[in-house]
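Okay, so here's the structure we're looking at.
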Amino acid sequence: MLPPVDEEQLAESPFTALGLGRPIVEAVLQKGYSQPSSIQQQCIPAVLAGRDVMAAAQTGTGKTAGFTLPMLERLRHGPHARGRIVRSLVLTPTRELAAQVADNVKAYSRHLDLRSDVVFGGVKINPQITRLQAGADVLVATPGRLMDLVQQGAISLDRVEILVLDEADRMLDMGFVDAVKIIAKATPSNRQTLLFSATFEGKVMEIAKQLLRNPARVQLAANHDRHASIEQRLHHADDHGHKHDLLSHYLSSTELSQAVIFTATKRGADKLARRLADQGHASAALHGDMGQGARKRTVEQMRRGKFRLLVATDVASRGLDIKGISHV
Ligand code: AMP
């Protein structure tokens with residue numbers, strides 16, 4: 001059961017003051033948010049005003065609500081989606097992030113009759129085609145699968161009102177430059193475009209210049225604000241054996257609740273996960289050679305605390321939001 005929200009709470013919420021309507025503020029309060037984050041304070045009014053937005057924001061800043069809340073506010077007033085029409089499109093680099101963003105969209109739109117959906121590769125395309133026959137007010141997608149769906153005529157992008165590029169730098173690093181350009185080109189040129197990226201170097205700046213018109217720039221006050229709660233330590237290892245000893249030492253610490261351990265290769269991830277399991281740690285591997293079902297299951301089990309250690313390649317390097325992780 002969701003906690004009830006009273007009129008006074010709704011009226012006095014800072015989210016109401018930012019211009020969001022009642023059903024959306026109600027969902028936000030039920031999520032337990034009382035104050036908008038800095039990114040949200042800057043993004044929400046700009047998006048509501050119809051402006052393009054270019055935001056330097058990483059996971060943990062509340063960026064997902066920063067674009068989703070005002071997007072839902074705009075969408076709830078227009079004619080709803082029907083027959084293969086997509087009204088807003090959120091592109092994300094990975095399946096995990098797509099699923100996570102889609103979960104957020106569902107939560108924030110629980111009091112609205114907007115249709116949202118999520119599509120990514122690695123699972124059957126036919127059920128996605130069937131579902132999309134009814135259109136989507138919000139579609140969250142990874143670029144590759146979205147291209148397939150467009151090419152098969154399953155959806156049309158020529159009525160997209162809002163295009164969001166989430167983690168744009170990572171999307172471009174993963175080789176989706178051309179896909180992003182093609183997808184943007186298939187949407188109307190008078191659409192609203194929101195771009196979120198950890199960095200604005202090289203290709204990202206180029207794409208931003210091509211796709212955004214006079215964007216509002218959103219930035220956190222200072223870089224160190226973002227990581228104020230994170231302590232970074234560098235350990236020098238003499239050799240392979242020493243590295244493993246250091247790892248064992250830190251893994252046995254009681255301060256460590258859950259940890260993600262990154263490896264360079266998929267095989268390395270499997271090997272280390274097995275080794276740690278042999279040492280008695282509840283651990284699992286996560287990498288791109290695993291099927292989508294297995295990847296999703298592993299992340300969920302980590303979230304529920306079934307595993308203490310997740311040994312991952314860079315498929316998990318960004319965007320995963322797991323509350324219990326104390327160490328990386
Ligand atoms: P994000 O950066 O969008 O991945 O969000 C990071 C986490 O912050 C998620 O668990 C959100 O549910 C949470 N969050 C987003 N906005 C707020 C807020 N205004 N107050 C508290 N938590 C929030």
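Whatever order the structure lists ligands and atoms in, that order sets their numbers, starting from 1. Keep in mind that this is a model prediction, so the values were computed, not measured. When reading the values below, keep in mind they use all heavy atoms of this one structure, side chains included, and skip hydrogens, waters and symmetry mates.
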Under 3.5 Å between any N/O of [X] and any N/O of ligand 1: does that happen in this structure?
X: Phe15; value: no
X: Lys31; value: no
X: Ala65; value: no
X: Lys63; value: yes
X: Thr64; value: yes
X: Tyr33; value: yes

Between Asp52 and Asn214 (side chain of the first, backbone of the second, donor and acceptor by atom type, cut-off under 3.5 Å), is there such a pair?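 Looks like no, no N/O pair under 3.5 Å.
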Check: Phe307 main-chain N/O paired with Gln301 side-chain donor or acceptor under 3.5 Å: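 No; judged by distance alone, with no hydrogens or angles, the pair does not exist.
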Proximal ligand 1 atoms for [X], defined as those under 4.0 Å from one of its heavy atoms:
X: Ser37; result: 19 (N)
X: Gly62; result: 1 (P), 2 (O), 3 (O), 5 (O), 15 (C)
X: Gln35; result: 18 (C), 19 (N), 20 (N)
X: Gly60; result: 1 (P), 2 (O), 4 (O), 6 (C)

Decide, yes or no, whether a salt bridge links Lys63 with Glu167 under the criterion of side-chain N to carboxylate O below 4.0 Å.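 Judged by the 4.0 Å cut-off on N to carboxylate O distance, Lys63 and Glu167 do form a salt bridge.
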Electrostatic pair Glu161-Arg159, nearest N-O below 4.0 angstrom: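 Result for this pair is no, no salt bridge flagged.
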Report the C-alpha distance between Arg115 and Asp137 in whole Å, list the side-chain angles of each, state the deciding distance to 0.1 Å, and finish with yes or no for salt bridge (Lys or Arg N to Asp or Glu O under 4.0 Å). CA-CA 5 Å; Arg115 177 188 288 274; Asp137 293 294; 5.9 Å; no
Centroid-centroid under 6.0 Å between Tyr250 and His235 rings: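 Distance test on ring centres: under 6.0 Å, yes.
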Using a 4.5 Å cut-off on heavy atoms from C-beta on, say whether the side chain of Arg145 contacts that of Gln128.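 Yes; the side chains approach each other to less than 4.5 Å.
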